[in-house]
Amino acid sequence: MCGIVAYIGNQEAYPIILKGLQRLEYRGYDSAGVALLDQKLTIYKKKGKVAELEGSLIGKNLHAKSGIGHTRWATHGEPSDRNAHPHRSPSGKLAMVHNGIIENYAPIKKELQNKGYVFESDTDTEVLLYFIEDIYQNDATSLEEAVRIALKRIIGAYVIILLDEAHPDTLIAARKGSPLVIGIGKNEHFLASDASPIIEYTKEVVYINDYEMAIVKPDELILKNPGNERITPFITKLDMELAAIEKGGYEHFMLKEIFEQPTAVFDCLRGRLDAKAGTIRMGGIDKHLDLLKEAKRIILVGCGTSWHAGLLAEYVFEELCRVPVEVEYASEFRYRNPVINPGDVIIAISQSGETADTLVALENAKNQGAFIFGVVNVVGSSIARLSQAGAYTHAGPEIGVASTKAFTAQLTVLYLIAIKLGYAKGCLSRDRYLHLIGELALIPDKISEVLKSAPEVAALAEKYKDARDFLFLGRGYNFPIALEGALKLKEISYIHAEGYPAAEMKHGPIALVEDNLPVVFVATKDAYHDKLISNAQEIKARKGNVLAIISENDTVFQDIADETIAVPAADEMLAPLLSVVPLQLLAYYTGLAKGLDVDKPRNLAKSVTVE
Ligand code: AGP
């Protein structure tokens, strides 16, 4: 949830750490801080965004060759200077940053208070730091060993990095549940929550696994397993360019990523779909095709926008593969004690690949014998490494907190899998198979067409930006898109919005309809179209404002609706890849019109690594 950066080497540490925090700010922006070590340990931290920390340090002596930094998403203790990281130990000699949650911090805090320790902050992190130093000082052991002993008592998730005034040439790091990547340079090392702060310095990285510890010196990286044995670091080459994590001339990452969708979907299809040859090649599927064909049940698991992708995939897999499909909120699935049978296939959907609830839900299901197939965007992420097979969505880095291009890339991968599996199982005729892959190949260009409606959508956003509530309605394949539209608007504009299956309105929610309530219909042409027209007339009858995403030349809906945004015609099953784009734009332009920070909406973070 938080963003962590550290550096040790022969360059000035502060500028590297500051830039790293700016790159990781989408992970949390409640407060920021750095600790620098040059003979003496100095700590600077401030409530608010990284820019406020940077501003407060102008003119200060920030010289140091090693340091740690943190940008916070508050869990324990409100956003404030004293709850900001890094925390300093009672002796003043240790500094620590932490990403995660220490669930059993309260009893440990009590123990330490009984020993006379007085805490500066309300955080769980400070408790762990005091606990480590207590062992370090009283058990006459090394800092590394004190960390190992302390972590044995810890319940929860963590990445921690410690700086020790007594050993300026060494950083100690440990991981369980939260992500940590170490970049290998020439006589220097870069540590971070993901690769974005590292990419401009080196492409050689090591992904740290759960329960591993790293002892990092300028010219040496020592990795140890839980048994305190040295392990050889597995070095991966990053396949990402710096430009991918820059705004590229756009005002916001969210707008850039919305406009990157034609390329993202194209990259997702590249090397997999050959519409001319009528083939779909996916290594992760081909290798396990028999197992997937025999699957007794497919369970789609995810959170937020990824769950919406799963909900749409439920409709598609049942239609094309004729197999029982369930879609699960990972946070419920992990605790509900679900019945998992041999032959069950779990498809895990995650942009970041680090969402804690999804990760643990998969670990539980895997331990019960389910086969895990990952649909993930971040290469090398925990969910990708936990899955027995998978397909990357190749959407490129997604920095804006609101997921946009990763969603359409997730849908594209899920369509590819369902079409391939349905055809392999003989549930899909050759004609339907060729039709669907032909249509899929046309999607990138059709999304480019939809993006031309951006100015129209911006005008709609300006008109409705002061609405107190919004409703989003859809049926069939468009119902999950209605939910996604509502989520995007909530996230970015803070307007209360709900998505519903349109026919559900009569069972209660229609009571919300009053003068000028904007009701967005996801109404591209499909088997439900006539029914949806009746639903729109029910809203009009109660003076609601009907805004509709329609298929081009749909004059019927045009006549009923107050506002329409037309998208190119497409097979009804694939139309969600088009109809979601105006909803992403509506959220973006509404947030913009309200003067909000659309890339870093309040209270949110890009990757939810705590439960
Ligand atoms: C979507 O815009 C949100 N950022 C959020 O709902 C997100 O989809 C959810 O946290 C799941 O994240 P993941 O795909 O990285 O697992």
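Whatever order the structure lists ligands and atoms in, that order sets their numbers, starting from 1. On a predicted model such as this, the values are computed, not experimentally measured, just so you know.
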Worksheet item: Between V5 and P197, what is the shortest heavy-atom contact and its length?
Response: CG2-CG, 4.3 Å
Response to the item:
With heavy atoms and a 4.0 Å threshold, my read on which part of K488 contacts ligand 1 is side chain
Among all the protein's non-hydrogen atoms, which is closest to [atom], and how far away is it?
{"atom": "atom 12 (O) of ligand 1", "answer": "T355 OG1, 3.4 Å"}
{"atom": "atom 9 (C) of ligand 1", "answer": "C303 O, 3.6 Å"}
{"atom": "atom 4 (N) of ligand 1", "answer": "V401 O, 2.8 Å"}
{"atom": "atom 5 (C) of ligand 1", "answer": "T305 N, 4.3 Å"}
{"atom": "atom 10 (O) of ligand 1", "answer": "V608 CG2, 3.8 Å"}

Pull out every atom of ligand 1 sitting under 4.0 Å from any heavy atom of [X], numbered as shown with elements.
{"X": "E491", "value": "1 (C), 2 (O), 3 (C), 4 (N)"}
{"X": "S403", "value": "1 (C), 2 (O)"}
{"X": "Q351", "value": "13 (P), 14 (O), 15 (O), 16 (O)"}
{"X": "S306", "value": "8 (O), 13 (P), 14 (O)"}
{"X": "A402", "value": "2 (O)"}
{"X": "S352", "value": "13 (P), 15 (O), 16 (O)"}

Worksheet entry | Exercise: do H252 and D599 side chains pair donor with acceptor under 3.5 Å | no
Worksheet item: Does the side chain of F373 reach to within under 4.5 Å of the side chain of Q388, using non-hydrogen atoms?
Response: no
Worksheet item: Does Q410 reach ligand 1 with a nitrogen or oxygen that is under 3.5 Å from one of the ligand's nitrogen or oxygen atoms?
Response: no
Discussion item. Closer than 4.0 angstrom, basic N to acidic O: yes or no for K488 and E484?
Written reply: yes
Worksheet entry | K49 vs E25, salt bridge (charged side-chain N to carboxylate O under 4.0 Å, His left out): CA-CA, chis, key distance, verdict | CA-CA 8 Å; K49 299 198 168 136; E25 201 164 19; over 6 Å; no
Discussion item. Distance to the ring centre below 6.0 angstrom and angle to the axis at most 45 degrees; does that hold for R602 and Y494?
Written reply: yes
Discussion item. Ring of Y26, cation from K606 - is the NZ or CZ under 6.0 Å from the centre and inside 45° of the axis?
Written reply: no
Fill in: Step-by-step salt bridge (charged side-chain N to carboxylate O under 4.0 Å, His left out) determination, E398 to K405
CA-CA 8 Å; E398 189 175 68; K405 64 176 181 173; over 6 Å; no
Worksheet item: Applying the side chain to side chain contact (heavy atoms under 4.5 Å, CB included) test to L238, which of T202, V205, V181 qualifies?
Response: V205
